[in-house]
Amino acid sequence: LGRSRAELMEGTPERWFADEESFRRAREEASARHRAGMAYRAELQLARRDGTPVWCDVSSRAIVAGRPELGLVVVCTDIEERKRAEARLLESTDRLDLVVRASQSGLWDWEIATGRQHVSPRFKEILGFHPDAELAGPPALGDWIHPDDRARVLDAIDDALAGGAAFDAEGRMRRSDDSWVWVHGRAEVVRDAAGAWVSVTVPIAG
């Protein structure tokens with residue numbers, strides 16, 4: 001927060017927040033959980049000493065369960081870089097969606113940290129599925145690929161994740177009726193500032 005230890009020991013945590021409303025809401029939510037004997041955790045935008053905002057992962061727990069007035073243990077982690085990476089990912093995905101819609105390609109997107117995946121209706125159409133169908137997650141990707149193409153395609157994806165050449169390959173994928181369709185896929189791997197991969201986005205054209 002750009003403050004010395006002495007500064008942090010003075011006053012109340014309200015000074016760490018950008019505005020009074022944010023502080024009031026966080027305090028009420030935390031107090032309710034502490035009184036119930038539970039821990040509190042939230043992603044909060046705090047304010048540095050010079051007024052610039054910084055995103056933090058804040059967690060706290062009463063030293064004595066259910067008695068927060070006796071003291072709290074609070075852990076605050078700087079997640080500013082992660083938030084920037086998420087914003088870049090969202091912007092990148094939005095741009096890619098426009099390209100995909102224009103090209104009539106299908107889109108499969110996998111967010112590594114949460115396991116969340118997005119499969120576009122066109123992707124499902126190429127594989128013969130209904131637009132509302134729920135498809136299996138990333139670990140099952142290999143099951144969709146023809147046995148003769150599987151090792152080559154999965155190796156190319158692994159190389160892209162490891163930071164090697166960009167994934168750009170063709171192969172056969174299994175349709176809902178167990179027939180096979182040739183597709184061309186290009187993978188875009190989004191990384192954070194530390195180089196760890198955050199998301200994998202694969203547009204395919206049938």
May I ask you to decide whether Glu20 forms a salt bridge with Arg24, counting only side-chain N to carboxylate O separations under 4.0 Å?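 Result for this pair is no, no salt bridge flagged.
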May I ask you to say whether Lys83 pairs ionically with Glu81, meaning some side-chain N is under 4.0 Å from a carboxylate O?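 No.
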Okay, side chain of [X], backbone of [Y]: is any donor-acceptor separation there less than 3.5 Å?
| X | Y | answer |
| --- | --- | --- |
| Arg33 | Ala39 | yes |
| Lys124 | Ala133 | yes |
| Arg175 | Trp180 | no |
| Asp149 | Arg172 | yes |

Step through the shown structure and confirm whether more than 12 heavy atoms of other residues, nucleotides or ligands are within 6.0 Å of CZ on Arg67.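 Count not over threshold, so no.
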With salt bridge (charged side-chain N to carboxylate O under 4.0 Å, His left out) as the criterion, how do Asp155 and Arg152 come out once you've worked through the C-alpha distance, each side chain's angles and the decisive distance to 0.1 Å? CA-CA 5 Å; Asp155 283 349; Arg152 173 175 53 82; over 6 Å; no
Classify the ring geometry of His34 against Tyr40: parallel below 30°, tilted from 30° to 60°, perpendicular beyond 60°.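 Geometry flag for Tyr40 against His34: perpendicular rings.
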Looking at every non-hydrogen atom in both residues, tell me the closest pair between [X] and [Y] and how far apart they are.
| X | Y | result |
| --- | --- | --- |
| Glu80 | Asp78 | N-OD1, 2.8 Å |
| Arg61 | Gly37 | NH1-O, 4.5 Å |
| Ile145 | Arg150 | O-NH2, 2.9 Å |
| Pro121 | Pro131 | CB-CB, 4.2 Å |
| Pro53 | Gln45 | CB-NE2, 3.5 Å |
| Asp143 | Arg174 | O-NE, 3.8 Å |

State, yes or no, whether a side-chain contact exists between [X] and [Y] at a heavy-atom distance under 4.5 Å.
| X | Y | answer |
| --- | --- | --- |
| Ile63 | Leu72 | no |
| Leu46 | Trp55 | no |
| Val54 | Cys56 | yes |
| Arg49 | Glu7 | yes |

How is the hydrophobic cluster of Val75 composed, in terms of its other members, when Ile, Leu, Val, Met, Phe, Trp and Tyr link through side-chain heavy atoms under 4.5 Å apart, directly or indirectly?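 Cluster partners of Val75: none, it stands alone.
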State yes or no: do Val183 and Leu154 share one hydrophobic cluster built from I, L, V, M, F, W and Y residues joined by side-chain heavy-atom distances below 4.5 Å, directly or via other members?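 The answer is yes; both residues are in one hydrophobic cluster.
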Show every side chain to side chain donor-acceptor pair (under 3.5 Å) that has at least one partner inside residues 8-19, sequence neighbours left out.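 Applying side chain to side chain donor-acceptor pair (under 3.5 Å) to every pair that reaches into residues 8-19, excluding sequence neighbours, yields Asp19-Ser22.
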